[in-house]
Amino acid sequence: MTQTVYTTEEIKKIEEKWQKIWEERKIFRVSENSSKAKYYVLEMFPYPSGKIHMGHVRNYTIADVIARFKMMQGFNVLHPMGYDAFGQPAENAAIKRNVDPAEWTYSCIDQMRAELKRMGFSYDWGRELATCDREYYRWNQWIFLKMYERGLAYKKASSVNWCAGCETTLANEEVINGLCWRCKSEVGQKDLDQWYLKITGYKEKLLEDLQALDHWPQRVIAMQENWIGRSRGVNMYFQLKDFDEKITVFTTRPDTIFGATYVVLAPEHPLVDKLISGVPREPEIRRFIEKVKAENKNLRTAGDKKKEGMFTGRHAINPANKEEVPVWIADYVLMEYGAGAIMAVPTHDQRDFLFAKEHHLPMRMVIQDPAQPDITVHELTCAYEGEGLLINSVQFDGVPSREAIEKIGRWMETQGMGQMTVHWRLRDWLISRQRYWGTPIPFIYCDRCGLVPVPQEQLPVELPKNVKITGEGGSPLNHCPEFVHVPCPRCQGPARRETDTMATFFDSSWYYLRYCSAKDETQVFDKKQASYWMPVDQYIGGIEHAILHLLYSRFFTKFLKDIGLIDCDEPFIRLLTQGMVLKDGEVMSKSRGNTVDPDSIIEKYGADALRLFILFAAPPEEQLEWNDHAIDGAWKFLNRVWLCAGNRFRPNDQQVSAERMDQEDKELERERNAAIKKITQDLSEGFKFNTAISGLMILLNKIDKYKADERDPVKQTILNRAIQTMILLLSPFTPHLCEELWQKMGAREESISRAAWPTHDEEALKQDLIQIVAQVNGKLRGKFDVPADITEEALRQIILSDPKVKEFTQGKPPRKFIYVPGKLANIVV
RNA sequence: GGGCGGAUGGCGGAAUUGGUAGACGCGCAUGCCUUAGGAGCAUGUGGGGAAACUCAUGGAGGUUCAAGUCCUCUUCCGCCCACCA
């Protein structure tokens with residue numbers, strides 16, 4: 001019988017067959033009751049749009065190879081999947097197509113699940129969850145109430161980012177260059193009563209613990225550090241002239257205090273009103289302030305915008321030199337950062353320099369630029385922001401600026417002029433959304449009792465059905481009287497429910513914990529099971545979640561540890577951020593119209609070929625350029641494997657001892673062992689799937705070249721062994737094909753994923769003859785096959801007597817002979 | 001402005017971490033197989049040169065017996081952050 005080409009029909013039959021077996025026999029179901037070491041592999045769960053795209057395929061294929069590799073290595077592998085199912089697209093669909101968001105979402109999930117199954121991923125489907133499930137979001141509410149108990153969830157009236165397009169508030173993190181991250185419309189400001197989570201309560205830990213995340217990409221750590229934004233500086237007090245109050249300014253550059261020639265307040269600063277009351281230009285100033293306040297905060301702070309400001313007519317005293325300096329108001333000072341007021345040092349801060357030039361404000365140099373020590377204030381064309389010795393700074397003259405930062409800070413503290421302090425960029429997390437398709441925030445407003453949390457036993461606060469979603473007029477739940485009007489849980493009097501829902505980032509901040517006991521209806525998650533599985537050993541997803549999702553998840557983990565529910569500090573030990581999938585040099589996206597539908601590729605080539613291509617084309621962290629030809633290549637390779645294993649494997653149970661092997665046999669055995677070693681290394685030390693696959697291609701090439709007479713049992717055994725090893729090593733990458741071949745070759749396991757990962761024999765890697773490269777003055781001049789155990793002296797004789805080497809040394813005696821054992825010899829003349 | 005990555009054949013990418021640059025694959029070329037296939041097999045494929053050789057890892061220097069890899073300067077590209085005081 002001859003096995004022929006691996007056809008589309010055959011591929012389809014085989015892939016469906018094994019997907020069915022995996023499902024029916026629950027091959028990938030796991031429990032924590034195992035003596036094996038655990039390994040938790042997790043990919044960032046998808047928003048269920050219905051269709052999977054190449055980005056998903058890449059993300060999940062990477063995770064699947066890791067999961068299957070670890071299974072075969074004997075780990076108890078948890079590999080779950082679910083859906084980040086709340087959010088605006090469902091509402092938009094509801095508006096556009098007049099469908100129920102829940103119905104729409106669940107039908108998308110069904111489609112998506114089917115597509116994921118067609119890829120052959122090794123998920124434990126028994127743990128599947130969707131964040132819009134009643135049994136999931138109920139625990140969102142439970143966690144929210146726990147946070148409230150601890151003072152970590154609170155309501156605050158504040159000016160918030162408001163997206164008119166989505167008719168909702170946005171977190172700072174969701175505003176990108178002044179535009180809504182989702183609909184790209186311009187974001188404005190609005191005063192609203194909103195729910196916040198006090199993530200700032202964990203800022204120190206969130207920053208410090210980054211240091212321990214050795215297996216996270218450096219840049220993700222840097223991005224989080226940046227976002228948390230710790231900066232050390234000094235709060236300085238500028239006494240106002242004619243008033244009792246002092247203005248506090250924050251600066252990271254106390255070394256420049258003697259050059260502070262004016263003070264600037266943010267327009268929102270609380271002292272502004274008092275200061276400008278009664279000054280001659282009061283109406284004009286008020287108009288200016290109103291104008292700035294109405295402006296979009298993010299546009300206002302755009303880098304290239306011209307700075308505008310006005311003199312208040314008031315003065316303050318520079319605490320260091322007791323000089324009177326004018327007090328200004330300007331749009332480039334933000335109330336949210338520092339003290340909402342700055343001291344301006346035009347000579348050493350470029351923004352202050354431009355502002356001072358524009359408004360003819362005084363300047364004084366206090367740090368000497370070593371490159372042009374004699375330059376005067378009038379000759380300056382830009383601020384000097386570098387280091388140097390202090391000048392015009394009384395007792396600090398001559399002190400290097402770096403030292404002066406510390407010295408002046410301490411001096412001001414002892415003089416009561418200021419206080420050394422630390423400022424953070426991280427803000428509390430605005431969680432309220434005026435949206436329907438999200439988790440209802442479990443609170444009730446009672447005229448008599450005030451804000452009342454919904455009692456635990458009344459959870460979940462269910463999202464009502466049949467709510468009219470128009471996309472207009474704020475929160476849809478507001479227009480749903482049976483939801484809004486409820487009795488107060490405390491006094492039973494008439495009360496109103498909170499109608500805001502939670503931002504979906506809340507849902508995704510703890511789903512990895514829920515997977516540990518996904519079906520538990522009695523608690524948020526089972527403590528014992530979570531402590532068995534957590535933390536996640538390997539997390540995989542896109543770089544776009546480097547800040548928000550990962551920071552929030554870290555925050556939740558720390559909180560849940562503090563209330564005694566888990567025992568780990570950090571949720572994700574290792575993080576792999578996979579690169580984007582490009583086509584024609586651009587990111588694949590619907591709007592660009594350059595997508596390749598995974599389904600159509602599976603249809604033609606099968607899931608295995610798609611998986612193989614996507615892993616082979618680039619290292620996982622790098623961008624991947626889609627290539628129609630290369631997928632053909634992946635299929636070609638699988639076809640060769642199919643033909644090789646199908647036609648050349650002949651069952652026999654001959655034992656072969658090393659003495660009976662000839663040169664070719666030993667050679668193939670060596671290649672087999674080398675492949676095991678290389679591929680195991682590539683998968684263990686970082687995830688070098690591309691080179692692991694090239695190693696498999698090399699092994700197949702060697703097997704193809706190996707001539708074995710079918711009637712020679714020794715050769716057949718060696719051939720069989722090589723083929724079996726190849727199939728085992730290939731199986732995490734292309735599981736369907738390998739399951740089929742493994743079974744044909746007489747598998748004892750139910751699934752190849754239960755077979756043991758092969759190990760190599762270091763002895764078999766040894767060679768009798770090795771190649772030594774000879775160099776003369778560092779240039780390659782010859783190659784010599786010599787016995788592996790050759791001495792340096794013997795090698796030296798061989799090389800130096802070689803005619804070609806002689807030609808290049810021109811008979812001169814070597815000045816130096818450098819020998820790198822087993823590799824290379826360099827003759828220096 | 002700050003931070004983090006990159007730059008190697010026609011293309012995707014390798015290179016044991018200082019030791020044969022271009023593994024493996026795609027593409028291309030020439031044959032073979034007459035079982036006409038998304039085949040398969042063989043050979044070749046960085047540039048120059050008939051060859052011996054020689055030049056080549058964005059550019060310029062340097063360290064070294066030896067540099068894609070280390071150091072200094074520089075150009076270009078990508079991503080993230082940013083009136084953050």
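Residue numbers begin at 1 in each chain, while the letters A, B, ... track the order of the sequences.
- A salt bridge links Arg232(A) with Glu406(A): the closest approach of a Lys/Arg side-chain nitrogen to an acidic carboxylate oxygen falls below 4.0 angstrom.
- Within 4.0 Å (heavy atoms only), Gln771(A) reaches at least one base atom of the nucleic acid.
- Going from atom NZ of Lys636(A) over to atom P of G40(B) covers 5 Å, rounded to whole Å.
- For a distance-only test at 3.5 Å, the side chain of Asn826(A) qualifies as a donor-acceptor partner of the base of C65(B).
- Summarising the geometry, the separation between CZ on Phe687(A) and P on G13(B) is reported as 20 Å, rounded to the nearest angstrom.
- The residues Glu204(A) and Arg230(A) are annotated as not salt-bridged, no charged nitrogen and carboxylate oxygen being separated by less than 4.0 angstrom.
- Across C81(B), G78(B), A85(B), the shortest atom-to-atom separation from the side chain of Gln623(A) is found for G78(B).
- Using a 4.0 Å heavy-atom distance criterion, Ile818(A) is classed as a base contact.
- Here A85(B) presents its P atom at 7 Å from CZ of Phe250(A), a figure rounded to the nearest Å.
- At the heavy-atom level, Phe817(A) lies nowhere under 4.0 Å from the strands shown.
- Residues Glu10(A) and Lys13(A) are not paired through a salt bridge, judged by the lack of any N-O separation under 4.0 Å between the basic side chain and the carboxylate.
- In this structure, G10(B) and C26(B) make a Watson-Crick or G-U wobble pair, each of the two defining distances being under 3.5 angstrom.
- Among the protein residues, Arg815(A) comes within range of no part of the nucleic acid, since none of its heavy atoms lies under 4.0 Å from any strand.
- The nearest whole Å value for the distance from the CG atom in Asp349(A) to the P atom in A82(B) is 18 Å.
- The nearest whole Å value for the distance from the CH2 atom in Trp642(A) to the C1' atom in G38(B) is 16 Å.
- Residue-nucleotide stacking is not present for Phe616(A) and G25(B), judged by a side-chain ring centre under 5.5 Å from the six-membered base ring centre and planes under 30° apart.
- Closest to the side chain of Thr251(A), from the set C24(B), U16(B), A85(B), is A85(B).
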Output one line per pair: protein atom, nucleotide atom from nucleotides 53-56 of chain B, and distance, for all N/O pairs under 3.5 Å.
unit_1: C53(B); atom_1: OP1; unit_2: Lys804(A); atom_2: NZ; d: 3.0
unit_1: U54(B); atom_1: OP1; unit_2: Arg781(A); atom_2: NH2; d: 3.2
unit_1: U54(B); atom_1: OP2; unit_2: Arg781(A); atom_2: NH1; d: 3.1
unit_1: C55(B); atom_1: OP2; unit_2: Lys779(A); atom_2: NZ; d: 3.3

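- A donor and an acceptor atom sit less than 3.5 Å apart, one in the side chain of Thr8(A) and one in the base of G38(B).
- Among the heavy atoms of the strands, none lies under 4.0 Å from Pro217(A).
- When the P atom of G25(B) is taken as reference, atom CH2 of Trp635(A) falls 16 Å away, rounded to whole Å.
- Base orientation at U43(B) is anti, since its O4'-C1' glycosidic dihedral falls outside 90° of 0.
- With a cut-off of 3.5 Å on both pairing distances, U20(B) has no Watson-Crick or G-U wobble partner at all.
- Checking G31(B) for Watson-Crick or G-U wobble geometry (two distances, each under 3.5 Å) identifies C41(B) as its partner.
- The shortest side-chain heavy-atom distance between Arg253(A) and Val345(A) does not fall under the 4.5 Å cut-off.
- Note on Asn226(A): every side-chain N or O is 4.0 Å or more away from OP1 and OP2 of C84(B).
- Backbone-only contact: Val828(A) has heavy atoms under 4.0 Å from sugar-phosphate atoms and none from a base.
- Among the protein residues, Gln775(A) comes within range of the nucleic acid bases, having at least one heavy atom under 4.0 Å from a base atom.
- Within the 4.5 Å cutoff, the side chain of Leu610(A) has no heavy atoms near those of the Tyr605(A) side chain.
- Rounded to an integer number of Å, the gap from Leu800(A) CG to C65(B) P is 19 Å.
- Taking the six-membered ring where the residue is Trp, the centroids of Phe613(A) and Trp626(A) are separated by under 6.0 Å.
- With 3.5 Å as the limit, one finds no donor-acceptor pair spanning the side chains of Thr248(A) and Asn235(A).
- Applying the Watson-Crick and G-U wobble criteria (two distances, each under 3.5 Å), G78(B) pairs with C4(B).
- Listed pair Arg425(A) / C81(B) fails the phosphate criterion, with no side-chain N or O lying under 4.0 Å from OP1 or OP2.
- Nucleic acid contact for Lys783(A): base, since at least one base atom lies under 4.0 Å from a heavy atom of the residue.
- With contacts defined as side-chain heavy-atom distances shorter than 4.5 Å, the pair Met54(A)/Ile614(A) qualifies.
- For Leu354(A) and G1(B), the CG to C1' distance is 13 Å, given to the nearest whole Å.
- When only modelled atom types and interatomic distance are considered, Asn701(A) and Arg640(A) share a side-chain donor-acceptor pair under 3.5 Å.
- With both pairing distances under 3.5 Å, A85(B) is matched to nothing as a Watson-Crick or G-U wobble pair.
- Using a 4.0 Å cut-off, no side-chain N or O of Arg351(A) falls inside it from OP1 or OP2 of G1(B).
- Under the Watson-Crick and G-U wobble criteria, each requiring two contacts below 3.5 Å, nucleotide A66(B) is left unpaired.
- Contact annotation: Asn690(A) side-chain N/O to A14(B) OP1/OP2 distance is under 4.0 Å.
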